[in-house]
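A short write-up of the structure that comes next.
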Amino acid sequence: MEEKIHAIYAAAETALSQTTKEEEIEEIRVRFLGRKGELTQILRGLGELPSEKRSFIGKLANEIKTKIEHAIQSKLDTIRASRFSRLIDEEWIDVSLDSPRSTGEYSRGHLHPISQIQYEIEDIFTSMGFTILDGPEVETDYYNFEALNIPWYHPARDMQDTFWTEDGNLLRTHTSAIQVRGMETHRPPFRVIGPGRVFRYEATDASHENTFYQVEGMMVDREISVAHLIYFMKVLLREIFKTEVTIRLRPGYFPFVEPGFELDIHCLICNGKGCSVCKQSGWVELLPCGLVHPNVLRYGNIDPDQWSGFAFGLGLNRLVMMRYGINDIRHFLSGDIRFVCQF
Ligand code: PHE
């Protein structure tokens, strides 16, 4: 029995000397000192020994147990201490080396040009007291059409055919749905913008996409007129194009505004002389807008005799195309990295 105990100690020492990992030490502890461990078995069996041997063996086994515990602890201490010196050896960083970025091996990427312009527009409008709103891309008929003065039988629905879900909802055709949501959460006077992705059932070509981006804007206050609308649109365009932009308003039809306009800008490419971008007309159609229709205010629980407002819907793809001279809208969603890398 005595020899067996000494042998256990020797085995524990060998096992400890051969390991360098903390997890292995735990295994060793279980093997010798755990509930079914070799030494534990001996201590448990003490009762069966003749009494003259019992105290001697018990004492020895307990001594060895303590010795193994100490050996384990000191091995753990050594391993933990050496971990740091090992880390310093293995994982040191030479801070004087060039970063992968500066050597051109790797670059971090950047925002998509649509996001860039969206954030710029958000900055311009927040600086003028507008709040930024969000809305869902899957909308109900009510928010996308009904509350915008487009009842189910209205022919204007045909201009904005879209994708419907089986439960009767739809992919929003314009950010104007955010106007309706804005009126639910804000009491006049208020100014809000709502950027977002919109969808239409569209035969795609160089200037038509089924998925594109808009920023909606809406301001409701006392006695808002077309003059207010023009003022805010001119500030927006000046900030975006970094130059004073000449504009004109043409009548445009949208059921949710009255009067409604198409706002054109003097072509920035040819300065109004006529080129392929403005189809030789000198003007580029950029911004549908108008004064909020009284019915729309009513749907939003706003009294049109007390309040009035303007609204606009700015197409972001068109804006980016103007800014960089991009000739095909389909590039935006092509996923072609060579396209986005240019901006
Ligand atoms: N929602 C319209 C569209 O997408 C644009 C618009 C917005 C027109 C606000 C007038 C006022 O075609």
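Quick caveat: nothing in here was measured; it's all calculated off a predicted structure. Because only heavy atoms are used, hydrogens play no part in the values below, and waters and symmetry mates are left out as well, while side chains stay in. Atoms within a ligand are numbered from 1 in the order they appear, just like the ligands themselves.
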For ligand 1, find each of its N or O atoms that sits under 3.5 Å from a protein N or O atom, and tabulate the pairs with distances to one decimal place.
| from | atom 1 | to | atom 2 | distance (Å) |
| --- | --- | --- | --- | --- |
| ligand 1 | 1 (N) | H174 | ND1 | 2.9 |
| ligand 1 | 1 (N) | S176 | OG | 2.8 |
| ligand 1 | 4 (O) | R200 | NH2 | 2.9 |
| ligand 1 | 4 (O) | Q214 | NE2 | 2.9 |

Within 45° cone of Y143 ring axis and under 6.0 Å: R181 NZ or CZ: yes
Do N149 side-chain atoms and P255 backbone N/O form a donor-acceptor pair below 3.5 Å? yes
On the 0 to 90° scale, with breaks at 30° and 60°, tag the F332-F339 ring pair as parallel, tilted or perpendicular. perpendicular
Under 3.5 Å donor-acceptor pairs involving side-chain atoms of residues 52-69, not counting sequence neighbours:
| from | atom 1 | to | atom 2 | distance (Å) |
| --- | --- | --- | --- | --- |
| R54 | NH2 | L49 | O | 3.4 |
| N62 | ND2 | G58 | O | 3.3 |
| T66 | OG1 | N62 | O | 2.8 |

In short, E285 meets R250 closest at the heavy-atom pair OE1-NH2, 3.0 Å
Would you call R298-D305 a salt bridge at under 4.0 Å N-O? no
